[in-house]
Amino acid sequence: MLNRTTLVLAGFLSLISASANALTINTGTGGLDASQQAQSIDEPVNDMPNTNWRTGTYGPQHNTMPQGFDTTVLPYGTQLFTGGFRGTRSDGFNPDYKVAPGDLITLRLWGAVEIERALPVDAKGYIFIPTVGPVSVQGTSLQALNSRVKAAVLTVYPENVNVYTNLQGTQPVAVFVTGQVENPGRYAGTPNDSVLYFLDQAGGIDDQLGSFRQVRVLRNGKTIATVDLYSFLKNGVMPRVQFRDGDTVVVDQRQSAVLVSGEVERDYLYELNLSETDGGHLLRYAPTKPGITHVLVRGIRGEGLFSKYYTLNEFKTAQLNDGDEVLFSADRREDTIVVQVEGSYYGPSRYAIPNDATLTSLLDNISVPQHLTETRSISIRRESVAERQRQSLMESLRRLETTYLGASSSTPEEAEIRVKEAELISQFIEKASKAEPTGRMVVANNGKIADIRLQDGDIITIPEATDSLLVSGEVLIPQAVVYTPGDNVNDYVERTGGFTQHADDENILVVRLNGEVLKASDARLQPGDEILVLPHVPTKNLQLATSLTQIVYQLAIATKVALDL
């Protein structure tokens, strides 16, 4: 007898190619829009901050691409180079742009004197203004250009003269891109184009060898800027270099990396910065899934293998080495679990209970409608059981496919038969692989309920008492039929129109309310039973027929479905 109490209701919480030597330079003459944000860099620039990451799967070693790395896992940042930067040039207004020889400046004077000219900046960095003379503008920012020219004009026309200047076009540049890129070469651009533009022109950084955190810009053999692309990915920060003709972009070789996998949003290969080798910095970049509690770090330390299991807080200060594998996991030991109840009962459908609670201890606290509930036929659906059933089914199908689809034939007649069998097997495997096991556990036997420990996610079925049977599978009209004491399986099949032409009348199963499955010849029918007529195996190959029949039985028990062959 099940008693009625009140328990806590809980809801289930839960990534270019370009010609290496081709150089095309187009001199633009259009005006510039006020949208560009470039920054002159005349001195070396420090490494920038860092950016967003994900995860991967690999083994330890100390090379650029350690042995054991899963090369199908891409480095974080690879998604940058899909041509998105290659097709876009920087044509906007950049107040910090420094005027250089070859640039074209529009000049307008009105008032005491009127002049409208497009003046080129000569090789010495001067523009020549009629009646005024040469004015040095090289190295002057666009923001200060108008004041510089106006000051020169006012030395000749001190009163009633207005001055307007505008950069009409910049001198194109050719920049070398080399190092660990897909297509090293010399590429055309403008002084305002970004490092990403030239990298994209070169097909992007080599996934296996290139560094995303050490990209250098060289001028006359000296480094004028160092770019960390993680800073751009995470924070949108990018050093703005005003390129000159002959500058070189060098992608260094990756020195150190780790692979991150497990409970993360995506597996990625993460590059380590010399100043960021601890787990805390990695956590900044690798988005993990909710509920992460522990981190496994595997690799090589000194002469041997290294493996250590950290709590999440301990991992923040753990030092990572090149080739380490970092596996995030939700290894939580909760004091309570959540189970679900379905069928005929009173009260909530979900219960938060102690993690050591047993089935009978829960049932003793659930009230049911008396005389309307079949309390002796309770069963459990469990996720772990469903997974084992699924794995067992997939292994059976694999063996079937291996045994029969690869078999040879000695005669043309045998070959023809095998072709037909192969077609049958392929169709059957395709349908069977889609079956979803129920994970039903039989916990009731002869009216007694096994006192097993419950697991998180269990679904307990308390069936309602019924006076009918269900007839399904290979019958003409699958339906529920009123239970009649003394009637046998054939009597109930006749009431559903009889067997179909595909039925195997010698292979009929009876499924009890508690999930137990019996052969019809061994079962005495009871109210609530399901009569499941299995299909006939359409082959004369005795060994094949036996294998298919066994899998059909396995499917019927795991899914309560008579899969048609």
Side-chain angles (χ1 to χ4, degrees), residues 39 41 43-56 58 60-66 69 73-80 179-181 194-196 199 205-218 222-241 249-261 264 267-288 292 295-302 306 308 310-328:
Q39 185 174 9
I41 296 185
E43 298 295 333
V45 176
N46 294 328
D47 286 352
M48 303 300 291
N50 304 299
T51 170
N52 204 352
W53 300 64
R54 302 269 168 127
T55 66
Y58 62 91
Q61 197 56 274
H62 286 284
N63 302 321
T64 299
M65 175 55 68
F69 269 125
V73 178
L74 297 175
Y76 177 72
T78 305
Q79 65 271 30
L80 283 172
Q180 305 302 330
V181 293
S194 71
V195 170
L196 286 171
L199 288 174
I205 297 174
D206 189 306
D207 288 344
Q208 305 298 315
L209 300 172
S211 170
F212 285 77
R213 312 203 65 176
Q214 190 72 12
V215 180
R216 294 177 292 130
V217 181
L218 305 183
K222 295 182 179 181
T223 300
I224 63 169
T226 302
V227 180
D228 181 351
L229 292 180
Y230 282 1
S231 298
F232 176 73
L233 284 164
K234 185 174 180 63
N235 302 314
V237 176
M238 172 70 69
R240 294 307 303 257
V241 180
V249 176
V250 181
V251 176
D252 288 346
Q253 185 170 322
R254 183 171 60 222
Q255 299 300 314
S256 182
V258 299
L259 271 166
V260 180
S261 61
V264 290
D267 291 354
Y268 271 132
L269 179 66
Y270 290 97
E271 187 173 352
L272 298 177
N273 188 309
L274 292 177
S275 63
E276 300 179 350
T277 59
D278 59 77
H281 284 94
L282 183 58
L283 284 169
R284 182 187 304 173
Y285 306 134
T288 60
I292 296 301
V295 186
L296 174 64
V297 178
R298 293 190 297 223
I300 294 178
R301 299 289 188 275
F306 170 85
K308 190 167 182 178
Y310 298 95
T311 65
L312 195 58
N313 283 332
E314 292 171 341
F315 176 70
K316 293 177 182 179
T317 58
Q319 291 299 304
L320 302 176
N321 284 13
D322 180 32
D324 280 353
E325 178 181 2
V326 179
L327 179 69
F328 288 93

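These figures come from a predicted structure and were not determined experimentally.
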* Picking from Q253, Q180, R254, E271, what satisfies side chain to side chain donor-acceptor pair (under 3.5 Å) with S211? ->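 Checked Q253, Q180, R254, E271 against S211; only one passes side chain to side chain donor-acceptor pair (under 3.5 Å): E271.
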* **By side chain to side chain contact (heavy atoms under 4.5 Å, CB included) - contacts of L327 (at least two apart)** =>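 Result, side chain to side chain contact (heavy atoms under 4.5 Å, CB included) vs L327: S261, L296.
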* Ignoring hydrogens and angles, tell me if any N or O in the side chain of Q79 forms a donor-acceptor pair with the backbone of G77 under 3.5 Å. =>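 Yes: the side chain of Q79 pairs with the backbone of G77.
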* Polar side-chain atom of N313 near backbone of K316 as donor-acceptor pair, under 3.5 Å ->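 Side chain of N313 to backbone of K316: no pair is present.
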* salt bridge (charged side-chain N to carboxylate O under 4.0 Å, His left out) partners for D206, two or more places apart ->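 By the salt bridge (charged side-chain N to carboxylate O under 4.0 Å, His left out) rule, D206 matches no residue at all.
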[atom2] on [Y] to [atom1] on [X], rounded to 0.5 Å:
X	Y	atom1	atom2	answer
L269	D207	CG	CG	9.5 Å
N273	Q214	CG	CD	8.0 Å
L218	T226	CG	OG1	8.5 Å
D278	R284	CG	CZ	8.5 Å
L282	T288	CG	OG1	10.0 Å
L74	Q208	CG	CD	8.5 Å

Test item: [X] and [Y] side chains (from C-beta on) under 4.5 Å apart, heavy atoms:
X	Y	answer
V181	L199	yes
L283	F315	yes
V241	V249	no

* Non-hydrogen atoms of Y310 and E314 that approach each other most closely ->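 Smallest heavy-atom distance, with atoms named: CA-OE1, 3.6 Å.
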* To do: Work out which heavy atom in V258 is nearest to a heavy atom in N321; give both atom names and the distance.
  =>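 Shortest heavy-atom separation between V258 and N321 comes out as CG1-O, 3.4 Å.
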* **Criterion side chain to side chain contact (heavy atoms under 4.5 Å, CB included) against M238, the qualifying member of D228, L233, L196** =>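 So, applying the side chain to side chain contact (heavy atoms under 4.5 Å, CB included) to M238 and each of D228, L233, L196, only L196 qualifies.
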* To do: Output, in order, the C-alpha distance, side-chain angles, deciding distance and verdict of side-chain contact (heavy atoms from CB on, under 4.5 Å) for D322 and L272.
  => CA-CA 8 Å; D322 180 32; L272 298 177; 5.7 Å; no
